[in-house]
Amino acid sequence: MKKKLFIVLLAGLTFGIANNSSAAVITLDFEGIGNLTPVGNYYNGGGGTNYGIYFSDNTLALVDAEAGGSGNFGGEPSPSTAMFFLTGKVSKIFVPGGFNTELSFWYSAIYFPGSGGVYDENDQLLASFTLPVTPSNGGDPTGAFSPFYQLGVSFDGKAEYVSFTGVQNQIGFDNITFGSATPAPIPIHEPASVLMMMSGMTGFAFLKRKLRGFAMVG
Ligand SMILES: [Ca+2]
Ligand SMILES: [Ca+2]
Ligand SMILES: [Ca+2]
């Protein structure tokens with residue numbers, strides 16, 4: 001039983017094989033955006049490097065608690081700011097002009113899985129991906145949403161936007177990279193977390209009682 005579930009998680013984390021690409025690689029690390037501040041147009045002339053990339057209104061930056069913010073995370077690939085959402089179920093990233101063939105990012109989701117998609121300018125789905133529940137190792141030194149896991153997606157065609165779907169305040173992202181799908185390392189040390197995910201509704205009431213959010217808010 002354990003073995004089967006383990007393979008399911010691997011499958012979710014390892015789809016996509018990087019292609020060689022000479023296109024410019026852009027990584028958004030969210031550093032420099034304030035705690036609980038909308039990412040919005042930060043990378044579209046709003047203070048960060050102007051890549052012409054903008055985010056759906058509900059997408060917020062979150063600074064780790066160790067750095068003075070309200071982030072309940074650790075092991076983020078670029079300290080100390082990540083991205084998440086407190087309203088809605090979907091965060092979208094718009095890349096006018098598009099990007100080719102590869103996307104990668106890091107995420108943490110310790111209670112609920114997420115999913116996502118890459119779309120072209122006609123809203124056609126180019127690639128979809130699942131975001132399995134990730135283990136929690138205690139943070140850096142605190143932060144339940146730790147560590148982050150890397151995931152890469154390869155697709156054909158020119159993508160115009162990316163959607164991340166999940167439970168609000170229960171999934172966070174960092175180092176979102178356009179133009180590179182570096183193969184995901186698979187540092188899985190706690191298969192028990194997968195079992196918790198797979199237990200589904202049976203464990204839901206228990207989880208809900210001790211649920212903590214990506215941000216310490218509310
Ligand atoms: Ca932390
Ligand atoms: Ca940190
Ligand atoms: Ca960061």
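Everything numeric in this text was worked out from a predicted model, so none of it was measured. Just follow the structure's listing: the first ligand is 1, and inside any ligand the first atom is 1. Throughout, numbering of the chain's residues begins at 1 and tracks the sequence.
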Heavy-atom count around D57 CG within 6.0 Å, excluding the residue itself: above 12?
no
Would you mind telling me which of D174, T27, D29 makes a side chain to side chain contact (heavy atoms under 4.5 Å, CB included) with P77?
D174
Examine S80 and say whether one of its N/O/S atoms is closer to the Ca ion (ligand 3) than 3.0 Å.
no
Return the name of the atom in D29, of element N, O or S, nearest to the Ca ion (ligand 3).
O
Would one find an N, O or S atom of T81, in either backbone or side chain, under 3.0 Å from the Ca ion (ligand 3)?
yes
The Ca ion (ligand 3) and D174: any N/O/S contact shorter than 3.0 Å?
yes
Give the name of the N/O/S atom in E31 that lies closest to the Ca ion (ligand 3).
OE2
According to a hydrophobic-cluster definition based on side-chain heavy atoms being under 4.5 Å apart (Ile, Leu, Val, Met, Phe, Trp, Tyr only), do I176 and F99 belong together?
yes
Answer key: the N, O or S atom of E66 nearest to the Ca ion (ligand 1) is OE1
Considering the options W106, F55, F73, Y42, which one meets the ring pair (Phe, Tyr, Trp, His ring centres under 6.0 Å) requirement together with F30?
F55
Would you mind naming the N, O or S atom of D140 nearest to the Ca ion (ligand 1)?
OD1
Could you tell me whether any N, O or S atom belonging to F73 is less than 3.0 Å from the Ca ion (ligand 1)?
yes
Indicate if the distance from the Ca ion (ligand 1) to the nearest N, O or S atom of S146 falls below 3.0 Å.
no
Can you classify the ring geometry of Y54 versus F94 as parallel (below 30°), tilted (30 to 60°) or perpendicular (above 60°)?
parallel
Ignoring hydrogens and geometry, is there a side-chain-to-backbone donor-acceptor pair from S70 to M216 under 3.5 Å?
no
Output, in order, the C-alpha distance, side-chain angles, deciding distance and verdict of side-chain contact (heavy atoms from CB on, under 4.5 Å) for T134 and I110.
CA-CA 5 Å; T134 59; I110 64 172; 4.0 Å; yes
State the atom name: nearest N, O or S atom of D64 to the Ca ion (ligand 2).
OD2
Closest approach to the Ca ion (ligand 2) by E76, given as the N, O or S atom name
OE2
Please work out whether the ring planes of F105 and F173 are parallel, tilted or perpendicular, with thresholds of 30° and 60°.
perpendicular
